[in-house]
S.K.: 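Sharing a structure below in structure tokens format, with a few things to ask.
Start at 1 with the first residue, then count along the sequence. Keep in mind that what you see is a predicted model, and the values were worked out from it rather than measured. What's counted below: heavy atoms across the whole structure, side chains too, no hydrogens, waters or symmetry copies.
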Amino acid sequence: GYAVVYIPAGIYKITHTLILRGKIGVKIVGEDPAKTIILWQGPEKDTLLWANGSAYFSLSRLTWDAGGRKNMEAIGLHWMSVWRSPENNSSASLNIEFVDLVFRDGFAIGISGGTQDEGTNANDSEILIKRCVFNKCTRAGVAIRGYNALDYWIWYCRFIQCNTGVECNSGNYHIYHSYFK
């Protein structure tokens with residue numbers, strides 16, 4: 001629980017999904033989004049970071065780069081029932097912050113929340129997305145799925161040449177002082 005991971009400036013190449021499973025209170029902070037880059041080098045149709053059953057965590061000051069791959073999801077907030085048991089220490093995804101993040105190189109989705117592929121509409125709520133830049137997302141900068149995906153707060157974000165800025169088939173969201181081009 002409650003730990004801070006600081007990532008100094010640099011390009012960090014990853015080939016497998018980073019999984020934040022059942023963690024509470026973790027902060028992952030880059031030095032500077034212009035200088036701290038998470039670069040995907042794995043296969044297409046994948047996720048760079050999957051937050052499964054984690055709560056009260058924060059990601060900030062990072063650039064996420066799809067590395068030219070297609071149909072990529074940068075960050076997935078997907079609480080899967082297979083992990084919902086006492087021995088897995090899984091929590092509902094809530095009170096999460098994404099601040100000063102950049103999504104570049106054509107992700108399908110920058111931040112995706114709600115149920116994924118199981119139909120239980122697992123919850124995630126109180127999600128803050130602040131001062132993030134979504135560049136050329138082919139599907140949506142932010143995609144919200146599930147009727148329990150509640151209170152996504154989007155402040156001061158920029159959606160540049162995205163197919164859709166925010167997609168929501170159920171759940172709810174609020175957008176303030178954001179720019180859509």
Side-chain angles (χ1 to χ4, degrees), residues 1-9 12 18 20 23-40 47-66 72-79 91-114 123-146 148-181:
Y2 301 96
V4 175
V5 176
Y6 175 73
I7 303 176
Y12 298 87
L18 302 172
L20 187 63
K23 301 297 180 193
I24 305 294
V26 173
K27 288 185 174 282
I28 300 173
V29 181
E31 181 177 324
D32 179 340
K35 298 177 184 176
T36 311
I37 300 162
I38 309 297
L39 175 63
W40 182 256
T47 301
L48 275 70
L49 180 112
W50 175 25
N52 179 13
S54 295
Y56 303 97
F57 73 88
S58 173
L59 299 176
S60 62
R61 303 178 54 76
L62 297 165
T63 290
W64 300 87
D65 190 321
M72 297 296 298
E73 174 185 69
I75 299 171
L77 293 174
H78 307 299
W79 190 36
S91 299
S93 303
L94 54 89
N95 292 2
I96 298 165
E97 295 182 348
F98 300 114
V99 180
D100 297 321
L101 301 178
V102 175
F103 301 89
R104 71 177 192 197
D105 198 20
F107 282 99
I109 300 171
I111 299 172
S112 177
N123 60 311
D124 53 291
S125 63
E126 302 302 328
I127 311 300
L128 173 66
I129 302 170
K130 186 175 178 183
R131 292 189 311 264
C132 294
V133 179
F134 300 87
N135 286 306
K136 299 180 182 174
C137 293
T138 59
R139 180 170 156 195
V142 178
I144 305 166
R145 304 189 287 272
N148 271 335
L150 301 173
D151 290 337
Y152 277 67
W153 300 89
I154 302 167
W155 286 84
Y156 308 109
C157 291
R158 291 183 284 157
F159 298 86
I160 310 299
Q161 297 179 338
C162 294
N163 183 54
T164 300
V166 178
E167 169 188 292
C168 181
N169 66 3
S170 54
N172 75 336
Y173 62 95
H174 316 272
I175 301 175
Y176 301 96
H177 305 287
S178 293
Y179 176 75
F180 298 82
K181 177 182 178 187

S.K.: Taking side-chain hydrogen bond (donor to acceptor under 3.5 Å, both in side chains) as the definition, give me every residue that meets it alongside Arg131, ordered by chain and number, with sequence neighbours left out.
M.R.: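 Partners of Arg131 by the side-chain hydrogen bond (donor to acceptor under 3.5 Å, both in side chains) criterion, ordered by chain and then number, come out as Asp100.
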S.K.: Quick check: closest heavy atoms across Cys137 and Gly110, and the distance to 0.1 Å?
M.R.: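 Reported closest heavy-atom pair: SG-N, 4.1 Å.
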S.K.: Let me see the working for Leu62 and Thr36 under side-chain contact (heavy atoms from CB on, under 4.5 Å), right down to the final yes or no.
M.R.: CA-CA 5 Å; Leu62 297 165; Thr36 311; 3.5 Å; yes
S.K.: Of all the heavy-atom pairs spanning Leu20 and Ser54, show the shortest one and how long it is.
M.R.: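 For Leu20 versus Ser54, the nearest heavy atoms are O-OG, 2.8 Å.
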S.K.: Mind checking what makes ring pair (Phe, Tyr, Trp, His ring centres under 6.0 Å) contact with Tyr156, not counting sequence neighbours?
M.R.: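 Partners of Tyr156 under the ring pair (Phe, Tyr, Trp, His ring centres under 6.0 Å) test: His177.
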S.K.: Kindly compute the distance separating CG (Leu18) from CH2 (Trp50), expressed to the nearest 0.5 Å.
M.R.: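 Answer rounded to 0.5 Å: 12.5 Å.
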S.K.: Return the minimal non-hydrogen interatomic distance between Ala74 and Thr47, and the atom names on each side.
M.R.: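 Of all heavy-atom pairs spanning Ala74 and Thr47, the closest is O-CG2, 4.0 Å.
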S.K.: Hey, what do you get for CG (Asp65) to CZ (Arg104), rounding to the nearest 0.5 Å?
M.R.: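 These two atoms lie 4.5 Å from each other.
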S.K.: Holding to side-chain contact (heavy atoms from CB on, under 4.5 Å), I want the full list of residues that pass it with Ser58, two or more places apart in sequence or in another chain.
M.R.: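 Listed in chain order: Lys27, Glu97.
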S.K.: SG/Cys157 to CD1/Ile111 distance, rounded to the nearest 0.5 angstrom?
M.R.: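 Cys157 SG to Ile111 CD1: 7.5 Å, rounded to 0.5 Å.
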S.K.: Going by salt bridge (charged side-chain N to carboxylate O under 4.0 Å, His left out), name the residues that satisfy it together with Arg61, two or more places apart in sequence or in a different chain.
M.R.: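 Arg61 satisfies salt bridge (charged side-chain N to carboxylate O under 4.0 Å, His left out) with no residue once adjacent residues are dropped.
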S.K.: Can you list the residues that meet the side-chain contact (heavy atoms from CB on, under 4.5 Å) rule with Lys136, with sequence neighbours excluded?
M.R.: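 Scan of Lys136 (side-chain contact (heavy atoms from CB on, under 4.5 Å), adjacent residues dropped) gives Gln161.
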S.K.: Hey, is the main chain of Pro33 close enough, under 3.5 Å, to the side chain of Thr63 for a donor-acceptor pair?
M.R.: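 Answer holds: yes.
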S.K.: In Å, rounded to the nearest 0.5 Å, how long is the span from CG of Leu59 to CD1 of Ile28?
M.R.: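 CD1 of Ile28 is found 5.0 Å from CG of Leu59.
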S.K.: Which residue pairs pass the salt bridge (Lys or Arg N to Asp or Glu O under 4.0 Å) test with at least one member in residues 48-59, sequence neighbours excluded?
M.R.: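 Passing the test, one end in residues 48-59: no pairs.
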S.K.: Do Val166 and Tyr152 have side chains that get closer than 4.5 Å, going by heavy atoms?
M.R.: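 The answer is no; the side chains never approach within 4.5 Å.
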S.K.: Does anything in residues 155-170 pair up under salt bridge (Lys or Arg N to Asp or Glu O under 4.0 Å), and if so which pairs, sequence neighbours excluded?
M.R.: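 Matches after skipping sequence neighbours: Arg139-Glu167.
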S.K.: Under the side-chain hydrogen bond (donor to acceptor under 3.5 Å, both in side chains) test, which residues partner Trp153, sequence neighbours left out?
M.R.: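 By the side-chain hydrogen bond (donor to acceptor under 3.5 Å, both in side chains) rule, Trp153 matches Glu126.
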S.K.: How far apart are the C-alpha atoms of Leu49 and Trp64, what are their side-chain angles, what is the distance that settles it, and do they pass the side-chain contact (heavy atoms from CB on, under 4.5 Å) test?
M.R.: CA-CA 10 Å; Leu49 180 112; Trp64 300 87; 4.0 Å; yes
S.K.: Would you please name every residue forming a ring pair (Phe, Tyr, Trp, His ring centres under 6.0 Å) with Phe159, sequence neighbours left out?
M.R.: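 Phe134, Phe180.
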S.K.: Could you work out, with side-chain hydrogen bond (donor to acceptor under 3.5 Å, both in side chains) as the rule, every residue matching Glu31, not counting sequence neighbours?
M.R.: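 Tyr6.
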S.K.: Looking at CG of Asn135 and SG of Cys162, how far apart are the two atoms once the value is rounded to the nearest 0.5 Å?
M.R.: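 If I round to the nearest 0.5 Å, the distance is 7.0 Å.
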S.K.: Which of parallel (below 30°), tilted (30 to 60°) and perpendicular (above 60°) describes Phe107 and Phe103?
M.R.: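 Answer is perpendicular, since the angle exceeds 60°.
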S.K.: Answer whether the closest heavy-atom distance between the side chains of Phe98 and Val142 falls below 4.5 Å.
M.R.: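 No, every pair of side-chain atoms sits at 4.5 Å or beyond.
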S.K.: Partners of Ser60 by side-chain contact (heavy atoms from CB on, under 4.5 Å), sequence neighbours excluded?
M.R.: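 Ser60 satisfies side-chain contact (heavy atoms from CB on, under 4.5 Å) with Val29, Val99 once adjacent residues are dropped.
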S.K.: Sequence neighbours excluded, which residues qualify as side-chain hydrogen bond (donor to acceptor under 3.5 Å, both in side chains) partners of Asn172?
M.R.: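 In terms of side-chain hydrogen bond (donor to acceptor under 3.5 Å, both in side chains), with neighbours along the sequence ignored, Asn172 is linked to Asp151.
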S.K.: Is there side-chain contact between Ile75 and Leu101, with at least one heavy-atom pair below 4.5 Å?
M.R.: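 Side-chain contact under 4.5 Å: yes.
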S.K.: Show the nearest heavy-atom pair for residues Phe57 and Ala51, with the distance to one decimal.
M.R.: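 Heavy atoms of Phe57 and Ala51 come nearest at CZ-CB, 3.5 Å.
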S.K.: How far does CD1 of Ile24 sit from OH of Tyr56, to the nearest 0.5 angstrom?
M.R.: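 With rounding to 0.5 Å, CD1 (Ile24) is 7.5 Å from OH (Tyr56).
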S.K.: Check Ala66 against Asp105 and note the closest heavy-atom contact, atom names and distance.
M.R.: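 For Ala66 versus Asp105, the nearest heavy atoms are CB-O, 3.6 Å.
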